[in-house]
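Data first, discussion second: the structure below is written as structure tokens.
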Amino acid sequence: MSKGIVRHDFEPKIMGFVCKWCTYSGADLAGTSRMDYSPHVRMVRLPCSGRIDPQFVIKAFEQGADGVIISGCHPGDCHYNEGNYYARRRNLAFRNLMEFNGIDIKRLEFSWISAAEAIKFTQIIDKFTNQVRDLGPNEGYRALLDPYASRLVKSSEESAA
Amino acid sequence: MIEQIREKARELLESGELDVVIGYAEGSDPTRTTPIFCRKPEDTDKLVLDGRCVNTLPAYLNKRHEYPKKGWKKTGIIGKGCDIRAITQLIAENQLKRDEVYIFGAECEGVVAHPEKWDGSLHEGNCASKCSACDVKIPLDTDFYPGEKPEVDRSGPYMVSAPALATLVKMDDEDRFAFWRDDFDRCFKCYACREVCPHCSCNICITDRTMPSWVDQAAHTKGVFGWHLTRAMHLVGRCTGCGECTRACPVNIQVDLFNQKMKEVIQESFDYKSGYSMEVKPPLITYNTDDQETYIR
Amino acid sequence: MRTATLQKNDLDRVIDLLSQADYRVIAPQNQPRLDGPDSIDVAVFKEIQSGDSHNIGEGLSTTGIKPFLFPKDEPLFAYENRGKKVVLTEVSLDFPKTVILGVRPCDVASVSSLDAVFSDKNAGFNDELFTKRLEKTTFVSYSCTEPDVSCFCTSVGLAPDSDKGSDLHMTELPDGTLHVEVKTKAGEKIAAVIDALLSGDGDAVARQQAGVAAAEKITRLRDSAPILPWLQDLGNFGDEMWQRLGEKCLGCGACTFECPTCHCFDIVDENSGNKGYRVKFWDSCQFDHFTLHASGHNTRNSQFERYRNRFNCKFKIYEDVFGEKGCVGCGRCIRGCPVNLDITEYMAEVAHKAAIPNAMSADPDFE
Amino acid sequence: MPNIYQPNLMTIKKVINETPDTKTFHLVFQDEELQENFEFETGQFGEYSCFGAGESTFCIASSPTRKGHIECCFRKTGKVTNALFELSEGDTIGFRGPFGNTFPIEEWEGKNVIFVGGGIALPPLRSVIWNLLDLRDKYKDISIVYGARSVADLVYKQEIAEWEARDDVNMVKTVDPGGETDDWDGYVGFVPHILENDFKPDPENTVVVVCGPPIMIKFTFEALERLGFKQDQLITTLENRMKCGLGKCGRCNIGSTYVCIDGPVFKAAEIDLLPPEY
């Protein structure tokens with residue numbers, strides 16, 4: 001069943017922020033159906049795509065993510081009626097902001113995936129992983145990740161030894 | 001013009017209708033003006049209004065600047081067209097009630113981009129770029145306007161963006177990131193951009209919150225990126241484009257370019273102009289079921 | 001000590017020679033800026049490579065030399081939580097040999113003020129992150145010949161040609177040459193490196209005259225003598241002037257961060273997973289949460305109280321606690337203030353109040 | 001040598017739950033030599049770190065007469081105290097100190113000493129209370145007046161019982177109106193009120209040590225002055241916000257007085273010379 005193992009020079013770190021009512025359940029379905037998909041996404045489950053604050057995405061990039069995926073219910077399907085409508089507007093603005101900041105917008109993915117769309121889920125994850133892998137590491141932010149590494153000398157463990 | 005405003009302000013302070021009039025007075029050197037709070041009728045003699053009046057006074061109407069603590073029931077404020085836009089936006093966001101303020105408006109010729117550039121007059125070389133295609137030189141909403149207020153067509157594009165914005169948009173992503181990284185190197189997080197902003201109205205700013213700390217408080221480049229992105233995001237669809245954040249920046253980082261870029265996006269996507277209506281909801285607190293979603297898979 | 005003459009256009013060669021002598025050379029440089037009317041010129045002190053353009057002698061830089069002694073952010077140590085154990089990693093206290101060129105007299109005078117805070121002169125606690133940097137740093141100062149409208153160094157006991165704190169002092173003479181004065185042993189080392197460029201004994205008379213001429217151009221003249229005794233009178237702490245002058249303050253930290261002597265900082269942990277850094281970074285007494293207690297009580301609860309503290313710090317606390325001047329008159333807080341809150345207006349007001357006994361009756365109309 | 005901001009590591013030997021939101025830690029240094037030689041005096045404070053959250057300032061709540069470990073007591077309010085609250089026995093924390101001045105206990109010899117504390121302000125007093133009790137014969141009457149918002153908020157309940165049981169300590173406890181329980185055997189009322197109207201100490205040859213929130217200190221001093229106490233008989237310990245504890249970070253000053261260097265212990269007469277900014 002499994003795809004052949006292909007080794008790449010670079011394996012991206014991807015953060016996923018997903019709605020628990022749809023995408024997370026979709027991922028569950030993909031899992032219980034034994035579907036294969038890229039293992040690079042670290043998923044955070046939130047109550048609604050409307051709860052996904054752009055702050056999370058900024059933090060993810062700051063902490064070294066190469067790509068971020070946000071996913072929620074299809075329009076009209078929101079468990080809270082309108083959360084995803086707000087998310088749609090907010091993310092439109094946020095993508096433009098990140099682009100203006102100098103982040104390649106291909107590193108930021110937004111999708112609607114329902115609880116039944118396990119196949120769509122695996123396709124989007126695979127596609128996005130490949131897309132980010134092709135872009136390579138998020139060099140701009142990675143260079144800022146550890147601003148003080150060069151200032152350190154020795155650990156208390158080493159000096160005790 | 002200013003004589004008429006002085007006279008009216010004096011009259012309203014004398015009658016007790018207003019507790020205070022916020023305006024501009026001569027600054028401590030000839031190129032600058034400074035905010036003044038006129039409480040006594042004779043204070044109004046100090047009021048001035050010209051191209052040096054850069055401050056966005058509605059910042060003082062923002063609750064986080066201790067405005068409610070002062071116990072003023074009705075505040076008079078002298079506004080340029082863009083300042084009055086900020087007041088309108090504050091009212092639209094329920095930060096202020098219309099009957100709490102009395103707006104003195106006057107025709108504005110534009111303001112100097114930075115007091116440092118003032119050479120005695122306002123001209124193309126030193127006028128702020130926000131003034132170049134301003135449609136509120138005759139202000140929108142006023143309680144007092146000297147003389148007859150002419151009708152103005154305001155249907156056109158909303159504020160022309162600074163030429164620097166076009167330069168930046170043309171760059172590659174990497175170059176743009178490098179540009180901001182190099183500029184942000186100077187930022188030491190004095191938060192002047194936040195404090196002068198009439199719309200930064202959180203009682204405790206997200207960057208001052210520690211549980212959890214979303215934005216690194218230290219001014220290393222990562223923390224500076226975090227702060228300016230957060231600030232820009234929080235002002236999407238709310239910024240009225242006064243440009244004070246850039247003008248106030250002691251190290252000349254043009255942070256309002258983020259806001260200008262977002263203003264263009266909001267106008268194109270949602271046809272919203274902030275500061276023109278007290279009733280229309282700002283775009284990010286509302287939605288249409290048929291909003292654009294071309295970027296969504 | 002030695003005096004000599006240096007040609008101004010030899011400054012580039014000075015930078016080359018010092019770099020070759022393994023100095024990290026810091027000099028004021030103009031920053032690139034975007035086109036359009038909204039940007040202004042900004043000059044900051046930065047490490048300079050041979051061939052880079054500097055702007056030594058062209059006005060006062062926007063920010064001072066403070067970041068090279070007391071950086072805007074720096075790690076104190078790294079930690080790693082390993083279960084119940086914690087491993088700490090020290091930061092290096094080995095700093096590069098540095099020379100800072102073109103330092104204005106106000107900036108170089110501020111070094112001893114900062115030293116009084118961070119060194120063991122203050123309660124015996126020696127902040128080596130500061131003092132070790134200072135040991136390795138040589139200051140080449142440069143007299144002002146064109147002080148601007150915001151400068152007020154003569155009001156705080158300095159002058160446009162002061163050499164307080166300097167290792168090697170340069171003064172530009174009307175004929176375009178530089179008069180060089182070696183002040184300390186560290187300065188001698190610099191002079192030895194650039195010896196080939198130095199000639200003669202210099203012109204002490206012209207240097208003197210240049211200083212006097214520059215001082216005459218300063219327009220902000222304040223009487224600072226009555227300030228300390230007036231501030232020491234506790235009855236003046238509740239004076240109406242604090243609120244009247246300070247109420248327009250919006251509470252940003254521009255004045256404190258541009259100030260050469262402001263030294264307040266905050267310490268936080270920056271965590272990433274199970275490890276991170278404890279970071280020390282600039283903080284400002286103008287921020288509302290600066291003195292906020294955990295209980296919610298705030299000792300300086302409104303903005304004018306915070307500016308009152310800043311003024312007191314500059315003209316009283318610094319002298320009482322650290323025995324040094326708290327203000328060097330660079331005027332950066334005046335230039336940088338978004339609302340034109342002017343520290344010299346406070347100085348004038350105090351001098352005025354001190355001259356009139358019992359002038360401190362509060363304005364009854366003021367709320 | 002590490003810089004002055006780098007703390008020493010300590011192990012939490014014991015955790016005591018004082019109230020639902022207050023804990024006491026018993027701490028020993030991981031460095032044996034330091035543990036052997038560490039000394040402090042009563043009234044001093046330290047900077048306690050939870051690595052990953054930051055540093056926070058508390059007094060050293062144990063008495064210098066009791067060696068073996070030091071104690072701290074804190075209520076969870078902010079980022080650091082919440083993180084410390086989650087720690088358990090055997091965990092590592094950081095400590096810098098001791099900092100600040102001390103209670104002038106030699107000056108009090110042969111006098112009556114009254115301790116007045118409110119809420120979480122008992123720990124600084126506890127250090128000096130045990131110090132005096134361990135040198136009991138040098139002092140005359142020792143009284144403790146302690147109050148909290150409610151019975152649940154009283155810290156050191158066990159030690160309060162211990163002090164009540166001793167016949168050489170006069171223990172007065174009170175809770176704010178509404179905070180009492182059915183089996184509460186102490187007073188009900190605010191500390192300054194109880195002090196002035198029920199306890200009524202005699203100013204003769206007596207010193208009073210007050211610790212609590214600024215507003216309580218103010219009212220307690222006023223009440224005591226009405227009872228005839230002079231300013232030099234009144235002592236308090238102030239707690240301003242601190243970061244470094246070394247007189248450098250610039251936030252604990254009251255005028256020209258740095259609480260971390262010149263304090264935290266002040267006489268009422270000294271406080272009177274400070275601007276009203278605490």
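On a predicted model such as this, the values are computed, not experimentally measured, just so you know. Note on naming: letters A, B, ... go to the chains in the order of the sequence lines (proteins, then strands), and numbering restarts at 1 for each one.
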In terms of heavy-atom pairs under 4.5 Å, which option from [options] contacts chain B the most?
{"options": "Asn96(A), Leu92(A), Leu145(A), Ile70(A)", "result": "Leu92(A)"}
{"options": "Ile105(A), Asn101(A), Ile124(A), Asp104(A)", "result": "Asn101(A)"}
{"options": "Asn91(A), Ile58(A), Leu97(A)", "result": "Leu97(A)"}

Proximity breakdown for [X] and chain A, heavy-atom pairs closer than 4.5 Å:
{"X": "Leu257(B)", "answer": "both"}
{"X": "Trp180(B)", "answer": "side chain"}
{"X": "Asp175(B)", "answer": "neither"}
{"X": "His234(B)", "answer": "side chain"}
{"X": "Lys261(B)", "answer": "side chain"}
{"X": "Thr286(B)", "answer": "both"}
{"X": "Met233(B)", "answer": "both"}
{"X": "Asp290(B)", "answer": "backbone"}

Looking at chain A, which one of [options] has the largest number of heavy-atom pairs inside 4.5 Å, strictly under?
{"options": "Pro283(B), Ser269(B), Ala232(B)", "result": "Pro283(B)"}
{"options": "Asp216(B), Ile206(B), Leu168(B), Asn288(B)", "result": "Asn288(B)"}
{"options": "Val236(B), Ile266(B), Thr230(B)", "result": "Thr230(B)"}
{"options": "Thr294(B), Ile285(B), Val265(B), Thr289(B)", "result": "Thr289(B)"}

**Request:** Give a yes-or-no answer on whether the side chains of Asn252(B) and Arg186(B) include a donor-acceptor pair shorter than 3.5 Å.
**Result:**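 Side chains of Asn252(B) and Arg186(B): no pair found under 3.5 Å.
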**Item:** His199(B) side chain to Glu93(B) side chain, donor-acceptor N/O pair below 3.5 angstrom
**Value:** no
**Asked** What are the two closest heavy atoms between Ala92(B) and Ser277(B), and how far apart are they?
**Response** CB-O, 3.6 Å
**Fill in**
Looking only at heavy atoms, the pair that brings Ser111(A) and Ile113(A) closest together is OG-CD1, 3.6 Å
**Request:** In plain terms, say whether Asp134(A) and Lys106(A) are close enough for a salt bridge, that is, a side-chain N and a carboxylate O under 4.0 Å apart.
**Result:** no
**Message:** One thing to verify: whether Glu109(A) and Lys127(A) come together as a salt bridge, which I'm taking to mean a side-chain N less than 4.0 angstrom from a carboxylate O.
**Reply:**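 Between Glu109(A) and Lys127(A) there is no salt bridge, as every charged N stays at least 4.0 Å from the carboxylate O atoms.
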**Request:** Step by step, work out the salt bridge (Lys or Arg N to Asp or Glu O under 4.0 Å) result for Asp141(B) and Arg98(B).
**Result:** CA-CA 10 Å; Asp141(B) 177 22; Arg98(B) 181 64 184 87; 3.0 Å; yes
**Request:** Kindly say whether the aromatic ring centers of Trp227(B) and Phe184(B) come within a distance under 6.0 Å.
**Result:** no
**Message:** Check this for me: Arg151(A), atom CZ, are more than 12 non-hydrogen atoms of other residues, nucleotides or ligands nearer than 6.0 Å?
**Reply:** yes
**Message:** Can you classify the ring geometry of Phe17(A) versus Phe56(A) as parallel (below 30°), tilted (30 to 60°) or perpendicular (above 60°)?
**Reply:** tilted
